[in-house]
Amino acid sequence: MATFQYEAMDQTGKTVKDTIEATTQEEAQQLIRQRGFFVTSIGEKAKTKAKAKKKKKGKKKSFTFGKIKAKQLCTFTRQLSTLQDAGLPILRSLRILAGQCKPGVLKNALGDVVDDIESGLTLSEAFAKHPKAFDRLYCNMVKAGEAGGALEAILQRLADFKEKAQSLKRKIKGAMVYPIVVITVAVTIVGFILYFIIPKFEMIFKDFGVDLPKMTVFLIEASHFVVDYAPVCIASPFVLYIILKLLYKTKIGAYVLDWIMLRIPVMGQIAGKSTVARTMRTLGTLVTSGVPILEAIAIVRETAGNAVFERVFTRIYDSIREGETISVPLKESRLVDDIVVNMIDVGEETGDLDTMLNKIADNYDEEVEVLVESLMSLLEPIMIVVLGGIVGFIVIALFLPLVQLISKLSG
């Protein structure tokens, strides 16, 4: 509880100065009004603030870096939603969840959030002070819930949104693990053969003076390249990764790379449709929660995760600000199917935009799942054929000179 010092006027117009204890400044104002006074000024007593600061300084925090994991935030949101639905005060709910958290970014943030709320800030204001834990989307939805008096419903909606987004992300990542592991192992084995095995065969062929076929010559030259430039071959994937990361830091580089990514067969479709699903669900959730449409578009633009889509949402933002619709710039972008544009157009006309956006997201989620399954079923035979071809080429290239050598010795 905090102590607030206030000035107010009674029903006769006389000035009243006093103090009152309350959890937040809003609660203090409500209690003062119940006494029949009209508040002219109110502030937290200096002693209480000093005590709160002293208490905050006394708390030990673990050293952390980076952002909170999406799965951890998803679990926290669902738990907070459940506690609020059960009728627990927000401060008690946050203290319970902070006590359950392992040391890390979220635990440190929740400790500060509890102190900030005790000092008179709202939940959304306290969350906004910790962007590493709670992004702009999260804070704006909580703010909308506080303004509309439906924080429990908003938290449930936010938890559902986070779980669906996490589920889609997990499916895509899970589908990519198998081919990445297979390709990595295959490249490692082939590199080992070229570096250690082929040079030994080359020495045998030189000792016996065997005429080498073109396949064997090519294999030996490839082996020479790997041996001579081994550090370059090992470092090249890491260098390429760093270059791509640096390019993504620039607006033009990010736009070009994302544009290329969207044009890759199958992979581009998965990237494009998953981005549409995520952005439409985000926009639908924000609109349902009562966030103003311009603010919602700005948030979606920031969380799109694709520079091409970010540019499209910038056009949509400008279009809405000028009194136009979402569907026109979206249709001009040609990034989505006509059915999406038509559904959004109908949603804008009927005032049921949020429902249409969530339906689009659900449909695209299903399409992404189908595409991921198709990609997996397509990659498996392709990888088998490619790896079989590489192994077959190495075996034939090594055995052709051996056959000639055996024939020469037997002759």
Side-chain angles (χ1 to χ4, degrees), residues 1-2 23-24 51-146 151-177 180-181 241 245 278 281-282 285 289 299 302-303 305:
M1 297 285 280
T23 306
T24 63
K51 197 173 180 182
K53 283 181 182 178
K54 192 176 179 183
K55 186 180 177 185
K56 195 172 181 180
K57 282 181 183 178
K59 286 187 177 180
K60 288 184 179 180
K61 291 184 179 179
S62 59
F63 175 74
T64 59
F65 60 91
K67 293 185 178 181
I68 182 176
K69 291 181 180 178
K71 187 178 179 181
Q72 191 180 11
L73 183 60
C74 186
T75 304
F76 163 76
T77 308
R78 176 59 69 192
Q79 289 174 338
L80 182 60
S81 166
T82 304
L83 291 173
Q84 287 299 286
D85 195 43
L88 268 71
I90 189 66
L91 271 172
R92 189 179 172 191
S93 300
L94 290 170
R95 285 195 185 103
I96 290 169
L97 295 175
Q100 291 178 353
C101 281
K102 292 179 181 179
V105 178
L106 182 59
K107 189 177 183 68
N108 290 348
L110 289 179
D112 291 341
V113 167
V114 168
D115 290 336
D116 289 335
I117 292 173
E118 286 177 338
S119 301
L121 294 181
T122 62
L123 182 62
S124 58
E125 288 171 341
F127 278 162
K129 291 173 74 175
H130 302 278
K132 287 184 178 180
F134 309 102
D135 57 19
R136 191 177 170 191
L137 164 67
Y138 203 102
C139 295
N140 274 273
M141 284 190 66
V142 171
K143 186 179 180 180
E146 289 173 323
L151 185 59
E152 298 87 353
I154 293 295
L155 285 170
Q156 287 178 2
R157 198 173 293 133
L158 188 54
D160 291 338
F161 167 77
K162 289 283 181 186
E163 284 170 359
K164 286 180 180 178
Q166 184 66 15
S167 175
L168 181 62
K169 194 175 180 181
R170 191 166 53 246
K171 284 175 184 174
I172 294 171
K173 280 189 173 180
M176 295 297 103
V177 168
I180 289 170
V181 169
Y241 175 78
K245 277 284 184 184
R278 184 173 63 254
R281 193 177 300 285
T282 304
T285 305
S289 303
I299 293 168
E302 288 179 8
T303 57

Point to revise | Minimum side-chain heavy-atom gap Leu94-Leu80 below 4.5 Å | key: yes
**Study point:** Whether Ser167 side chain and Glu163 backbone form a donor-acceptor pair below 3.5 Å
**Key:** no
Practice item. Provide the closest heavy-atom pair for Met141 versus Leu158 in the form atom of the first, atom of the second, distance. Key: SD-CD1, 3.4 Å
Exercise for review: Assess whether atom CZ of Arg92 is packed by more than 12 heavy atoms of other residues, nucleotides or ligands within 6.0 Å.
Suggested key: no
Revision key, fill the gap. So CD of Gln166 and SG of Cys74: to nearest 0.5 Å the spacing works out to 6.0 Å
Revision key, fill the gap. Rounded to the nearest 0.5 Å, the CZ atom of Arg78 sits from the CG atom of Leu155 at a distance of 10.0 Å
**Study point:** Interatomic spacing from CG in Asn140 to OG in Ser289 - rounded to 0.5 Å
**Key:** 10.0 Å
Check your understanding: Just wondering, are more than 12 heavy atoms of other shown residues or ligands nearer than 6.0 Å to NZ in Lys143?
Key -> no
Point to revise | Working for side chain to side chain contact (heavy atoms under 4.5 Å, CB included), residues Asp112 and Lys129 | key: CA-CA 9 Å; Asp112 291 341; Lys129 291 173 74 175; over 6 Å; no
Check your understanding: Considering only heavy atoms from C-beta outward, does the side chain of Leu110 approach that of Val114 to under 4.5 Å?
Key -> no
Point to revise | Set of residues satisfying side chain to side chain donor-acceptor pair (under 3.5 Å) with respect to Lys171, sequence neighbours excluded | key: Glu369
**Study point:** Separation between CD1 of Ile68 and CG of Leu106, rounded to the nearest 0.5 Å
**Key:** 4.0 Å
Check your understanding: Arg157 versus Ile154: any side-chain heavy-atom pair under 4.5 Å?
Key -> yes
**Study point:** Contact check, side chains of Leu123 and Val113, non-hydrogen atoms, under 4.5 Å
**Key:** yes
Check your understanding: Can you tell if the side chain of Phe161 reaches within under 4.5 Å of the side chain of Leu137, non-hydrogen atoms only?
Key -> yes
Revision key, fill the gap. Taking every heavy atom of Ile90 against every heavy atom of Gln84, the minimum-distance pair comes out as CA-NE2, 3.5 Å
Check your understanding: How close do Val105 and Ala133 get, heavy atom to heavy atom, and via which atoms?
Key -> CG1-CB, 4.4 Å
Exercise for review: Would you give the length of the straight line joining atom NZ of Lys164 to atom CZ of Arg278, rounded to the nearest 0.5 angstrom?
Suggested key: 15.5 Å
Exercise for review: With sequence neighbours excluded, tell me which residues meet ring-ring contact (aromatic ring centres under 6.0 Å, His included) with Phe127.
Suggested key: Phe134, Tyr138
Practice item. Enter the distance from Lys69:NZ to Thr75:OG1 here, rounded to the nearest 0.5 Å. Key: 11.5 Å
Practice item. Report yes if some heavy atom in the side chain of Asp116 is under 4.5 Å from a heavy atom in the side chain of Glu125; otherwise report no. Key: no
Practice item. Without swapping roles, check the side chain of Ser81 against the backbone of Thr77 for a donor-acceptor pair under 3.5 Å. Key: no
